[in-house]
Structure formats: C-alpha cells, structure tokens
Amino acid sequence: MKASNLFYPTLREVPSEAEIASHQLLLRAGFIRKTSAGVYSYLPLAMRVLRKIENIVREEMERAGGQELLMPIIQPKELWEKSGRWSVYGDEMFRLVDRHNRGFALGPTHEEIITTLVDAEVHSYRDLPLLLYQIQNKYRDEIRPRFGLMRGREFIMKDLYSFDQDYAGLDISYQKMYAAYRAIYTRMKLNYRVVEADSGAIGGNESHEFMVLADSGECTILYCDNEICDYAANVEKAECPAPDEPSSPSKMKTVNKIYTPGLRTIQDLVSDLGISAQDQVKTLMYSVDGEIVAVVLRGDRDLNEIKLKNFLNCRELFMADESSVRAQCAAGFGSLGPLGLKAKIYADLEVAAMRNFSCGANEDDYHYINVNMGRDFVPEAVVDLRNAVEGDLCPLCNGNLQALRGIEVGHIFKLGTKYSDALEAGYRTADGEEKPMVMGCYGIGISRTLAAAVEQNNDNNGIIWPMPIAPYHVIIIPVNTKKEEQMQAAEDIYEKLIRLGVEVILDDRDERAGVKFKDADLIGIPVKITIGPKSLQEKQVEVKKRWADDTELIDIDKVVDVICAIIKEGMEK
RNA sequence: CGGGAUGUAGCGCAGCUUGGUAGCGCGUCUGGUUCGGGACCAGAAGGCCGCAGGUUCAAAUCCUGUCAUCCCGACCA
C-alpha cells in the first residue's frame, strides 16, 4: 500500500474527549472516529487489525471444533419473553418496533436465537456435542460507555455456544474453549491472566475471565504470590477464608454506650476517638427483594454485593435509603449497629473473630463499645461477604494475594440447562429418553481486544503493534521522495517484499522526513526501513524495530531477508 | 440515573468576570524556497460561538430551558 493512497487521518494533537492511552492513540493514529457515545467507525488500519484478531480467533475456534455461522442482530421480542429475559435485561437492551408494532431487540447476546435454532434442528444425542460461533456486532445500551472502544454500545464480539449431552460433556467443551482462549491471547502476544469469575445472573457454576493486564483496566485481579500456587480471581469472586478465632477467647468486656455527637463515619471514630477501623464494625442496610436486611463488616472492609446477592439468592438488591432505615430502627446512617435490630443480620466471617468492637447504637449520636458477636447479637448467618484485598491470605495455600488491574477481553461460562430448559431445547438419548442439552457460552470482545492491545503496547510516540496483529508489518520511508535514487530503491524493496507476501506500506508522500517518521511511529508499524542519501551511497538502508532503540544499517541486497527474519521472529514465540 | 465538567473554524484552545465589528496555534488551499524527527516566506479560504427561548438599543458574553460529549459511581466482551 502506498501511503499516498492510504486513508489514515492522523492528528497532531490529543482530542480532548479521550482520556486513556488507547483511546487517544486510536483517534490520533487514524484508526477510529466516533459517531456517538460508544459508537465508532473503524477506519482501514483498524479494519486490518480487527481482521487479524478475528482470523486468529477463527483458527483457534475451528481447531477446537467450532463451526462459524451468522445469526440475526434483529431479534423478536417473543423469543426474549420466552427465556424470561425481555424484562430482566432491562434498559441495557436496545429495543425497537416495526411498522406492525411488533417488538424487537438489537441483539446484546445470542443465547435465545441459538438455542431456538439448535432446538429446531438437533434432536439426537448423535448430533452432540455441537459448537457454533459467530463474529458480529453486539448492541448494549450501556449505562456509561467509556474509553472509546473499551466499553462501547456497539461492539464486535465472538460468541460461541456449546451444546452437550450432559455435564461431563460440558466439562470437555469448556476445557477446549479454555485452551483455545489461552492460545488466542498467547498468539496475539498479549500479557494476560486467566481468573476465576463470578458467573452472575447468567447462571452456571463455573466461569473464567481472560484479562489483559493494564493499569487503566476496569477490573481488579487478585492472584497468589506463592509460585507453586496458580490461584487468580476477579475481585468479585476472590474468596476470603475465615480468619482464625482470637487466640484468647476470654476477655469480653462489658458493653458500654457512649455519646458521639456528630460522629457518623468510620473515619470520624478513628480521628476523634482513636478507635481503629479494624476495631469497628459497620452496618449496612440493604433492600433485598423488598425486605430490609442488615449486613455487618469490619470497619475497614468493603461489602461485595455479588457475594451477598449469591448467598441470598435474591432477584433485586440495593442499598436502603435513609427513610426505610429509620423505619427499622430509630437511627440514621451514621449510628447503625447490629444490636437490637429487627431486621435479619448477615455477618461477614471476619466479624466472628473480632473482640470488643465498636458500632453504632441504633440511636442518633450514640455508639457502643466492647460489643461481641454471639453474646450481644446473633446473626442470621455468618458468611464471606467482603471484598478481598491485596495482602489477604490465599484461599488455596498459605501465600498472600497480590492485586493487578486488567481489561476483561474474554469470558467463558458453563450455562448448564438454563436456556435449554426455558426454550425447551432437548434431545433424545440412546435410551430414548428426552433430556435438555447442557450448554456453555464463550465470548471474546474483538474490538475491545484491539483497544487492550494498544493499551498494553504503546510509548510516547504512539502505538507499538505486536507483529501478529499489526495492520502492516513494515513501512518504507524514503527520506526525500524527490530524489530518484531513493524512490527507486524504495520501490524496489517494496516490490520484493510484496512478492513475498509481506504487508508493507511505502510512504511515498511528498512530506518532510520528520512528518513521515512521526506518523510511522504513531500508527505503530513494527518495522521501519529508512532510505536516506548517506547510507544509500554505501548501498545500505536503515532498519529499525518499533520497540527497540537502535537502528541497524543493512546492505540493500540483504534487507529483504533481514525483514523476513524479523517478521518471522515477531510472529513466533 | 446521581455527582462533576465542557460545548467558539477540521483539531487544540483564548475571549465570557465588566455585553458593543469573533481571535490565536496547528491543519487545509495557492505560489515560492526548503528537504533525515511534525520546515520557512507570502497570500487565501473556512464560524448560526451546541440548540431554543428570554433580558437589552445591542448577547459568544447575563438569565432560563434543552441537547450533546467527557470524567467519577452501581458493570462487563
């Protein structure tokens, strides 16, 4: 491709709307343009990267036994009513009506469609397992689109669905996908981690997320620092083992009510009374399917709402507002405590191990000190409810947890029979029995992966594409296009590389060298060949790898071999 | 949806406090000189000051509403 013909409108300045590196660079380097919040056009360079990511994904899906198909984006309302998700999915679904006033949704995901399709066509155990996938736009009316391609309302996703006879079969399909996902991110040369994840509302009992590591990532990952332990989990999932009982179980002191005017927060008690947060208990009131319940945690901990929701197995859960709290006990937010509460109390494991702690007295401007669980109040249940934090004990070994930030680029779930039950997708077993298919679903955010790759591979000058997903492998820059011998040498190398199947840009624009160097760095082409007057006299050209500091002088008749070797090396390992 | 911020030329911004002919840099176009890390000179084009009301002799500027975008929170590929 000649740069003079390539549509890549680069920007010298950082667009004011972009905050993080990948968003800024993709805009500046002419890869994407915004149409509206969370909706983007992909320009030619981005398209090439997307195709490369997709092809790696395709190869690994096919290798694992997947077959590609393409399902509709426009999906009828009835299908979603049947699965029960028309109402559950809520505002996140783009909805529309046709001229006959029939309801539709723009597909946020495809469980309904694929399950219906497979149910209609697959009837026998002989046809299972079946692994079907597609690569397609998805539509989710996100509460908050963010960071360019990172969280769009329209985005490209690969989704594969597995259908098996039983859970043993699902385990095999799941393992295949797990391995395929590892292969995909390894091939793309991204620094990633697999973590245990919560399967959430989608159902099922096992789930893993694939996280590309980046400081700007929206997810917190906790992993064990013990080398022989491979525990890693999303913060929402990470378990907090029960702490040891206090070594001297005696010494429960007498409860004492103290006057604490104006002290409302954990921090207030720390600074005014010198009671450390670890010696306080905080009480949070939640509305759970309409019922008010209390949750108690150590003062310095954060509640993990997902753990609470999973434990209570409820449909709806949100923090109670102050008026409904006051209806429960004669106090507001700053003075809540577990003593004498009518509401059910759920205590975090850690609270059981605390002695003589402080908490609100359920009376405005009063707190209790020397409170002990069991003696002074009895919770409905004692369970793991808090967010794990860095430094916590590993749930599997005696290591400690470390924290990292990550971008979720893939997520795999065991669905079980949630959708095959709802949509009545069954098959006949060898014994003639009718059974529901056991399903799994496996997603990869293709467009998000592109952004994550940039987030992880850039410097002050621009993007540094990993070779396997670079839009082009090589860019040739004749320093001065008006000098015939430079252009001749450039064209010559260009032709040779093209004949060898190398993806190469020849920057034939009549621009100053500096402009071309800046653009080449910005768009992140892995290898740059510079053809200048001095080296050309010696029958040499300069070769520079985008990620390296040094420039090599290469004999002009060897340059093609050198380039091919660099590309080969970049594709492997 | 709650909190915060911003909308002025393709991009980045100033002007708004104290109302009075809309500016700067980059980019674009023309001509010339340059030519190894975002050149220089000369000239030119380009604006419903987000939109709608209001106040005023007069509004980019003051007031009200509205829309859009971005950031922080409940989420997720």
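In the text below, chain A, chain B and the rest are named by the order of the sequence lines, each starting its count at 1. Source: prediction; values computed, not measured.
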Rounded to whole Å, please give me the gap between [atom1] in [X] and [atom2] in [N].
| X | N | atom1 | atom2 | answer |
| --- | --- | --- | --- | --- |
| A/Y185 | B/A77 | OH | P | 11 Å |
| A/R151 | B/A77 | CZ | P | 9 Å |
| A/I444 | B/C76 | CD1 | P | 19 Å |
| A/Q24 | B/C11 | CD | P | 16 Å |
| A/E142 | B/C76 | CD | C1' | 6 Å |
| A/I306 | B/A74 | CD1 | P | 10 Å |
| A/D91 | B/C76 | CG | C1' | 16 Å |
| A/E92 | B/C1 | CD | P | 15 Å |

Provide the distance between the two [atom1] atoms, one in [N] and one in [M], to the nearest whole Å.
| N | M | atom1 | value |
| --- | --- | --- | --- |
| B/A58 | B/C1 | P | 37 Å |
| B/C24 | B/C41 | P | 16 Å |
| B/G20 | B/C49 | P | 15 Å |
| B/G25 | B/U8 | C1' | 15 Å |
| B/G50 | B/C11 | P | 14 Å |
| B/G12 | B/A59 | C1' | 26 Å |
| B/G27 | B/G46 | C1' | 12 Å |
| B/U28 | B/G10 | P | 15 Å |

At under 4.0 Å between heavy atoms, how does the protein contact nucleotides 26-39 of chain B? Give one character per nucleotide, 5' to 3', with B, S or -. SS------BBBBBB

Which one is paired to [N], where only Watson-Crick or G-U wobble pairs with both distances under 3.5 angstrom count?
| N | value |
| --- | --- |
| B/C76 | none |
| B/C16 | none |
| B/G27 | none |
| B/C62 | B/G54 |
| B/A45 | none |
| B/C40 | B/G32 |
| B/C70 | B/G4 |

Do the side chain of [X] and the main chain of [Y] share a donor and acceptor less than 3.5 angstrom apart?
| X | Y | value |
| --- | --- | --- |
| A/H110 | A/Y133 | no |
| A/R153 | A/A37 | yes |
| A/Y8 | A/I523 | no |
| A/E542 | A/I529 | no |
| A/Q486 | A/N480 | yes |
| A/N304 | A/K307 | yes |
| A/S36 | A/V39 | no |

Suppose the criterion is salt bridge (Lys or Arg N to Asp or Glu O under 4.0 Å): which pairs have a residue in [range], not counting sequence neighbours?
| range | result |
| --- | --- |
| residues 477-486 of chain A | A/K482-A/D510 |
| residues 20-37 of chain A | A/E17-A/K34 |
| residues 456-466 of chain A | A/D459-A/R546 |

More 5' along RNA chain B: A/G445 or A/P15, using each one's nearest nucleotide? A/P15

Tell me if the centroids of the rings in A/H411 and A/F413 come within less than 6.0 Å of each other. yes

Please check if any side-chain donor atom of A/D198 sits under 3.5 Å from a side-chain acceptor atom of A/N234, or the reverse. no

Does OP1 or OP2 of B/A77 have a side-chain N or O of A/R140 closer than 4.0 Å? yes

Which residues within residues 48-60 of chain A lie with some heavy atom under 4.0 Å of an atom in RNA chain B? none

Candidate list A/W465, A/F7, A/Y42, test ring-ring contact (aromatic ring centres under 6.0 Å, His included), partner A/F31, passing option: A/W465

Hey, does the side-chain of A/E305 have a donor or acceptor N/O within less than 3.5 Å of a partner on the base of B/C75? no

If the test is side chain to side chain contact (heavy atoms under 4.5 Å, CB included), which one of A/V57, A/I56, A/I53, A/I469 qualifies with A/R187? A/I56

Under 3.5 Å, which protein N or O atoms sit close to an N or O of nucleotides 68-71 of chain B? Give each pair with its distance.
from: B/U69; atom 1: OP1; to: A/A37; atom 2: N; distance (Å): 2.9
from: B/U69; atom 1: O3'; to: A/K34; atom 2: NZ; distance (Å): 2.9

